[in-house]
Structures are given as C-alpha cells and as structure tokens.
Amino acid sequence: MIRLFLFLLFIIISNKALAFIQGETLICDKDRRGYNFISKDKVEVISINLLKLNIISINYTYELSENAIFIKKLSSELNKEKKMQPIGWIFRRTLDYVSLYYVNGDWYRKFLWSCEIIPSDQLKQRLKNKIDHLMKVGKNKYKEFN
C-alpha cells in the first residue's frame, strides 16, 4: 500500500501537466520576450520595443490547461464579465509559442518561437543584453552604409 501511494505521489510530482506555474519565468523569441507568471491568472509580458530599443512591460491574463498556457487579451478590471479570447498559447511540454491573429473575421495561427525556463532575476538582464547586441549590430550596419 505504501509503495502504491509513493508511486502515485511520484507521478503527480513529476507530471508537468499538473505543475503550478505561478512564480515561473520564461524567455522566448531568441531573448526578445519574457513571461513572468506573477499570480494564478496574471502574467507580465516583458519585451523589447524594436523601434525605441527599450524594454516594455504589459500585464495579460492567462489560463492554465493540461497541455497549454493560454495568454489572453489585456487584463482589465472593468471588463471582467466579457469572455476574453486567447491571443496565443504556450505548449506546456515543448514550450513552443503559438500566436493568434484576427484577420478578416477569422483567427489565424502562427508558430513563432520556442521558450526556455530561466530564473526571474536573469530575465531583464538577458533582455538588456539583447538590446545592447541590437544596438551594436545597428551601429555596424550604419558604418557600412556610410
């Protein structure tokens, strides 16, 4: 009986589909976007604004299912009664991100990038490193152009 209980406990603990993701941090899109899961239903999306080369942060809601994390439209306290549509999702086992686009009255799916789990203190540092890299590449291209 104890072996059966320990076996079931091991299955539950090792199953990522049942894992709780609050407090987890993902970095995606070749270090251009990060997801910091700050509560049981809110995620802070931190990304690089390529026009201004700075870091921006927007809070979204998310829903956890067995196989995916559904990222939903902007979180708003006033519009709680409206059903929110997913704008993308992350497959929980492979950490591949899929984006949804609403074009001409239809939803289109596009596989965009893969993510990796990182410590939350490294997220902004890696985004800053990416900005520095983009600025350096931009300066080199500017010199080649002149």
Side-chain angles (χ1 to χ4, degrees), residues 7-146:
F7 178 73
L8 289 175
L9 183 62
F10 174 74
I11 298 270
I12 291 171
I13 291 172
S14 65
N15 188 355
K16 285 191 174 188
L18 297 176
F20 187 63
I21 64 166
Q22 181 178 341
E24 292 288 337
T25 304
L26 302 177
I27 193 160
C28 311
D29 191 20
K30 299 179 182 174
D31 291 358
R32 291 188 184 173
R33 180 178 308 232
Y35 294 87
N36 188 10
F37 294 92
I38 54 179
S39 73
K40 65 177 182 150
D41 63 347
K42 289 198 169 115
V43 60
E44 179 186 21
V45 179
I46 302 169
S47 60
I48 295 175
N49 180 341
L50 293 175
L51 295 176
K52 296 181 180 178
L53 286 178
N54 64 354
I55 297 173
I56 58 173
S57 171
I58 302 172
N59 286 341
Y60 287 86
T61 60
Y62 73 92
E63 181 181 318
L64 200 56
S65 76
E66 184 177 337
N67 297 321
I69 305 165
F70 294 99
I71 310 295
K72 298 185 176 187
K73 288 185 181 177
L74 285 174
S75 159
S76 172
E77 302 302 322
L78 300 174
N79 296 328
K80 286 233 176 191
E81 54 258 351
K82 289 184 182 179
K83 185 173 181 176
M84 298 182 135
Q85 295 288 332
I87 58 171
W89 67 87
I90 300 169
F91 291 108
R92 293 185 67 183
R93 295 206 185 276
T94 60
L95 296 180
D96 291 331
Y97 186 89
V98 176
S99 184
L100 289 173
Y101 295 101
Y102 192 70
V103 179
N104 297 329
D106 218 357
W107 288 100
Y108 290 94
R109 291 180 289 181
K110 184 177 180 183
F111 287 85
L112 293 177
W113 53 73
S114 291
C115 305
E116 65 178 281
I117 299 172
I118 64 166
S120 60
D121 58 343
Q122 287 185 13
L123 176 62
K124 287 189 179 178
Q125 184 59 45
R126 285 180 62 173
L127 291 175
K128 286 178 185 175
N129 291 345
K130 188 64 174 186
I131 289 173
D132 292 342
H133 174 73
L134 291 172
M135 290 174 69
K136 183 178 178 183
V137 168
K139 285 180 184 176
N140 290 342
K141 290 198 182 237
Y142 179 74
K143 287 178 184 176
E144 289 175 12
F145 183 72
N146 287 331

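Scope of the values below: all heavy atoms of this structure, side chains included, with no hydrogens, waters or symmetry mates.
Put simply, the side chain of W113 does not reach to within 4.5 Å of the side chain of R32, judged on heavy atoms. Counting heavy atoms from C-beta on, the side chains of I56 and S47 come closer than 4.5 Å.
Note that CD of Q125 and CD1 of I27 are 10.5 Å apart. Values are rounded to the nearest 0.5 Å. With values rounded to the nearest 0.5 angstrom, N49 atom CG is found 9.0 Å from I131 atom CD1. Between the CD1 atom in I48 and the NE2 atom in H133 there is a gap of 10.5 Å [rounded to 0.5 Å]. Taking CD from E44 and CD1 from I58, the interatomic distance works out to 10.0 Å, rounded to the nearest 0.5 Å. Rounded to the nearest 0.5 Å, atoms OH (Y62) and CD1 (I38) are 9.0 Å apart. Taken to the nearest 0.5 Å, the CD atom of E66 stands 7.5 Å off from the CZ atom of R93.
The nearest pair of heavy atoms linking L26 to I117 is CD2-CG1, 3.4 Å. In plain terms, the two heavy atoms of G34 and L123 that are nearest each other are CA-CD1, 3.6 Å. Between Y97 and G88, the shortest heavy-atom contact is OH-CA, 3.8 Å. The heavy-atom pair separating L50 from L134 by the smallest distance is CD2-CD1, 3.7 Å. Between L127 and I55 the shortest heavy-atom distance is CB-CD1, 3.8 Å. The two residues I21 and R92 come nearest to each other via the heavy atoms CG2-NH2, 4.0 Å.
Side-chain N/O atoms of D41 and S39 include a donor and acceptor closer than 3.5 Å.
In this pair, F37 and Y35 present their aromatic rings parallel. The plane angle is below 30°, not in the 30 to 60° band.
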I'd like to know whether S57 forms a side chain to side chain contact (heavy atoms under 4.5 Å, CB included) with I46, so could you lay out the CA-CA distance, the side-chain angles of the two residues, the decisive distance to 0.1 Å, and finally the verdict.
CA-CA 4 Å; S57 171; I46 302 169; 4.2 Å; yes
